[in-house]
Visitor: 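Below you'll find the structure I mean.
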Amino acid sequence: MALAVFDTIVERGTLVAEAGTGTGKTFAYLVPALLAGGKVLVSTGTKTLQDQVYAKDVAALVRALGLRIDTALLKGRQNYLCLQRLARAEADGRLASPQEAQHLRAIGRFAQRTSSGDRAELSEVPETASIWPLVTSTRENCIGQDCPHLDQCFVYRARRAAQAADVVVVNHHLFLADLALRDDQVRDFLPATDTVILDEAHQLPKIAADFFGSGWSLAQLADLARDARALGLARAAGGAGWVGLSQGAEAAARNLRLLLAESGLQPGVRIALDRCQRREAIGRGMVGVDEALGALAAAVKANAGRDPELDALGPRLASLRGEIAAWLAALQKTDTPAAAPEDGSPADDEAGQRVRWIAVTAHGAQFHATPLAPGAAFARAREQQAQAWILTSATLTLAGSFAPFLADIGLPQARSERWESPFDFQKQALLYLPRPLPSPLAGDFSEQVADAAWPVIAAAGGRAFVLCSTLRAVERVAARLQQSMKRDGLPLPLLVQGASTRRALLDEFRRHGNAVLVGSVSFWEGIDVRGEALSLVIIDKLPFAPPDDPVVEARIRRLRSLGRNPFLEYQLPEAVTLLKQGAGRLIRDERDRGVLMILDERLLGKPYGRTVLASLPPFARTRDEAAARAFFS
């Protein structure tokens, strides 16, 4: 693999490389990239891997190879504390709760001692704390050269270090945000590089769909209204009725949320615009929001030049109003009853190239426009870069074929190579398919999963991941396992997603050594638990995306309209990729042993089941519960 990567760097070509767990793919791409020289950009799918590659792998190889090079870690700007917004939040004093005030004080102390400003270093303030948007910046609200804290700015320091470094480690969100900005002819902020390495590349199609799309939210509108009130009162108190204007915008947002509910859109709903009923009411709510934002924009314009931060509200307001205008135009096009076009083409805007959809939460809503073929934008970005690109992951193929991934990423002609894991899967692992396998359509499927899994969990003494395809299944499986533990007098530590953060649950899992962790999609990938602590991975069913998801539904209709098979080209490859990621949690090195248990009758009852099984590592197989339990003897 290292030789293939080196050849690709010399030729400035594109290599798509699948390398199984344990092949040492991180070293296999880093060694040739470091020896080849030039600027290297490494992008990972998760911040966890990003930190590992930078702090552990790159550092170790630079020492081992005796190189004298500069390295840098770069994250998105919202990961860094903004000193200007921190100062404003401290001066404003208008916080939603005593907890926010406590968090703000902790962040103020952190600002005095940190050299990086990376919020990940401050463990006492949760990642999801509501204070963070008040003390971090976005591309829209940063005032750039006009900032009085520019010399101390953590974002600019990190970017200057990245510009000067020989090796920069980022994550896919930052990398694709840069590509999306370049696509809009906005100056890129990542350093020009000779080699681009995209690890965990299986995530790229999904993340690309987000970054090459667009959207806005009611939370974004609320943030803008809050900023306008605070800045207006502090910098131009007599220039406008800032309190009334911001309250008007907030009221318009609440009214739109109410109209969504009256249109039948309840919390948790994700629905395509062309499937919405009462679109006239939704449009009326958006007009109200636009009018309120227009009044704010007029006030900001009337006070132009009085303060840089106040002036920066103008482009933010214009951008948000532009998004709303596009939605209002789309609503006018879809003011007839929702029905699929007779030719089967997707009923979305821009001639079927993207789908507009709404996601409703308990107190807000997001409005998305997602491209249905993000690979085209990704391929266009690739063509514009005279660099070597290496895309790698342990899960890029479907039954040995790269074709679905290459088509999804828009690089069908790229060179592709594959290297298997070096493990002896026949001896180290067992694939157990119970007899009989439950049907995912059964009303008590989750309970059947827990009942079939419990004897094997008991035989393993815990040490198990139970990976479910939905959060609802997590709750039901965990509840049933709790009953089984109580009935049999075997009180194993039971950890359930949602009870704490993912990192805290994993730390507790490792600490116990005999725990059972029940989790959903966020636990299927990016997790490395080696040794006996994890000896059993149970997967409830094949992780097909819900066909009524607005993006999935639109992509299916689009592929059908093109005369293609959406199941074989889209739905099955995505499900197999996620299944392989889940299965990959089990055997992490040559000393690991364990059982993979999958409880879905479609594996053996459907023609595609053979393709799914062929995509998994070559484990020994059994349908005998006694054999599965005996594996742990």
Side-chain angles (χ1 to χ4, degrees), residues 1-5 7-8 13-26 28-29 45 197-206 375 378 389-433 524-525 537 539 541-545 559 564-588 590 596 598 600 602-621:
M1 179 178 171
L3 291 172
V5 169
D7 289 344
T8 303
T14 302
L15 172 67
V16 177
E18 181 177 272
T21 303
T23 51
K25 61 178 172 290
T26 308
Y29 65 65
I197 299 169
L198 304 171
D199 203 343
E200 297 180 310
H202 64 278
Q203 297 183 11
L204 287 170
K206 190 174 184 64
F378 189 86
W389 277 29
I390 291 91
L391 294 77
T392 186
S393 169
T395 55
L396 296 178
T397 61
L398 175 66
S401 172
F402 283 94
F405 175 77
L406 294 176
D408 219 14
I409 208 68
L411 302 173
Q413 305 304 319
R415 175 187 176 186
S416 57
E417 299 284 353
R418 185 167 176 246
W419 293 272
E420 300 282 3
S421 290
F423 309 136
D424 188 347
F425 286 116
Q426 285 285 319
K427 292 182 179 179
Q428 289 182 246
L430 181 68
L431 172 60
Y432 171 41
L433 307 176
W524 286 59
E525 57 182 316
V537 172
I539 295 176
K541 63 180 177 180
L542 301 180
F544 287 107
L559 289 169
R564 294 162 61 184
N565 187 319
F567 181 77
L568 294 180
E569 296 184 42
Y570 167 50
Q571 293 167 281
L572 183 61
E574 287 217 336
V576 169
T577 295
L578 186 52
L579 181 69
K580 289 168 67 177
Q581 283 290 324
R585 299 313 98 209
L586 184 63
I587 304 299
R588 306 298 296 175
E590 66 273 12
L596 171 65
I598 308 178
D600 190 331
R602 293 173 294 184
L603 268 176
L604 300 178
K606 295 291 185 181
Y608 59 79
R610 192 174 302 171
T611 301
V612 175
L613 291 172
S615 300
L616 295 173
F619 296 162
R621 297 182 189 177

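The chain is numbered in sequence order, starting from 1.
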Visitor: Please lay out, stage by stage, how L613 and L603 fare under the test side chain to side chain contact (heavy atoms under 4.5 Å, CB included).
Guide: CA-CA 7 Å; L613 291 172; L603 268 176; 3.9 Å; yes
Visitor: Can you measure from NE2 (H202) to CD1 (I409) and round to the nearest 0.5 angstrom?
Guide: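 Going from the NE2 atom of H202 to the CD1 atom of I409 covers 11.5 Å.
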Visitor: Are the side chains of R602 and L542 in touch, meaning some heavy atoms are under 4.5 Å apart?
Guide: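 Yes, close enough: below the 4.5 Å cut-off.
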Visitor: Indicate yes or no: at least one non-hydrogen side-chain atom of T14 is less than 4.5 angstrom from one of T8.
Guide: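 Heavy-atom side-chain distance check fails, nothing below 4.5 Å.
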Visitor: Would you call L15 and E417 a side-chain contact if the rule is heavy atoms closer than 4.5 Å?
Guide: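 Touching, per the 4.5 Å side-chain cut-off.
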Visitor: Please name the pair of heavy atoms, one in W419 and one in A17, separated by the smallest distance, quoted to 0.1 Å.
Guide: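 In this case the closest contact between W419 and A17 is CZ3-CB, 3.7 Å.
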Visitor: Looking only at atom types and distance, does a side-chain atom of R585 sit under 3.5 Å from a main-chain N or O of W524, one as donor and one as acceptor?
Guide: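 Checking the backbone N and O of W524 against the side chain of R585, a donor-acceptor pair under 3.5 Å is found.
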Visitor: Between Q428 and E590, do the side chains contain an N or O donor and an N or O acceptor separated by less than 3.5 Å?
Guide: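 Side-chain D/A pair, Q428 to E590: absent.
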Visitor: Please tell me if the side chains of L204 and L198 come closer than 4.5 Å, counting only heavy atoms from C-beta onward.
Guide: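 In contact.
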Visitor: Just verifying a value: how many Å separate Q426 CD and L431 CG, rounded to the nearest 0.5 Å?
Guide: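 Reported value, rounded in 0.5 Å steps: 10.5 Å.
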Visitor: How many angstroms lie between atom CG of N565 and atom CG of L559, to the nearest 0.5 angstrom?
Guide: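 Here the interatomic distance stands at 8.5 Å.
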Visitor: Could you measure the distance from the CG atom of L596 to the CZ atom of F425? Nearest 0.5 Å is fine.
Guide: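 Between atom CG of L596 and atom CZ of F425 there are 11.0 Å.
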Visitor: Mind checking what makes side-chain contact (heavy atoms from CB on, under 4.5 Å) contact with T23, not counting sequence neighbours?
Guide: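 With neighbours one apart ignored, the set is A19, K25, P422.
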Visitor: Which heavy-atom pair separates V537 from G582 by the least distance, and what is that distance?
Guide: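 Minimum heavy-atom contact is CG1-O, 3.8 Å.
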Visitor: For the residue pair I598 and L579, establish whether any side-chain heavy-atom pair is separated by less than 4.5 Å.
Guide: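 They are in side-chain contact.
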Visitor: Could you state the interatomic distance from CD (E574) to OG1 (T577), rounded to the nearest 0.5 Å?
Guide: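 Nearest 0.5 Å value for the CD-OG1 distance: 7.5 Å.
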Visitor: Quick check against the 3.5 Å criterion: does Q581 have a side-chain atom that pairs as donor or acceptor with the backbone of E525?
Guide: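 Side chain of Q581 to backbone of E525, a donor-acceptor pair under 3.5 Å: no, none is there.
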Visitor: Assess whether ring pair (Phe, Tyr, Trp, His ring centres under 6.0 Å) is satisfied between F619 and F423, documenting all intermediate values.
Guide: CA-CA 10 Å; F619 296 162; F423 309 136; over 10 Å; no
Visitor: Among all residues two or more places apart in sequence or in another chain, which pass the salt bridge (charged side-chain N to carboxylate O under 4.0 Å, His left out) test with E569?
Guide: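 Residues passing salt bridge (charged side-chain N to carboxylate O under 4.0 Å, His left out) with E569: R564.
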Visitor: Can you give me the closest heavy-atom contact between Y29 and D199, atom names plus distance?
Guide: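 Nearest heavy atoms, Y29 then D199: OH-OD2, 2.8 Å.
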Visitor: Supply the atom-to-atom distance I390 CD1 to R415 CZ, rounded to the nearest 0.5 angstrom.
Guide: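 Reported to 0.5 Å precision, the distance equals 10.0 Å.
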Visitor: Identify each donor-acceptor pair in which a side-chain atom of residues 396-406 lies under 3.5 Å from a protein atom, sequence neighbours left out, and give them as a table.
Guide:
| residue | atom | partner | partner atom | Å |
| --- | --- | --- | --- | --- |
| T397 | OG1 | E18 | OE1 | 3.0 |
| T397 | OG1 | E18 | OE2 | 3.0 |
| T397 | OG1 | K580 | NZ | 3.4 |
| S401 | OG | A403 | N | 3.2 |

Visitor: What heavy-atom pair brings A583 and L616 nearest, and what distance separates the two atoms?
Guide: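 Where A583 meets L616 most closely, the heavy atoms are CB-CD2, 4.0 Å.
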Visitor: Taking the side chain as C-beta and beyond, is there a heavy-atom pair between F544 and L572 under 4.5 Å?
Guide: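 Yes, their side chains come closer than 4.5 Å.
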Visitor: Ignoring hydrogens and geometry, is there a side-chain-to-backbone donor-acceptor pair from R588 to G584 under 3.5 Å?
Guide: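 Side chain of R588 to backbone of G584, a donor-acceptor pair under 3.5 Å: yes, one is there.
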Visitor: Sub-3.5 Å donor-acceptor pair from the side chain of D408 to the main-chain atoms of P205, do we have one?
Guide: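 Not a single qualifying donor-acceptor pair exists.
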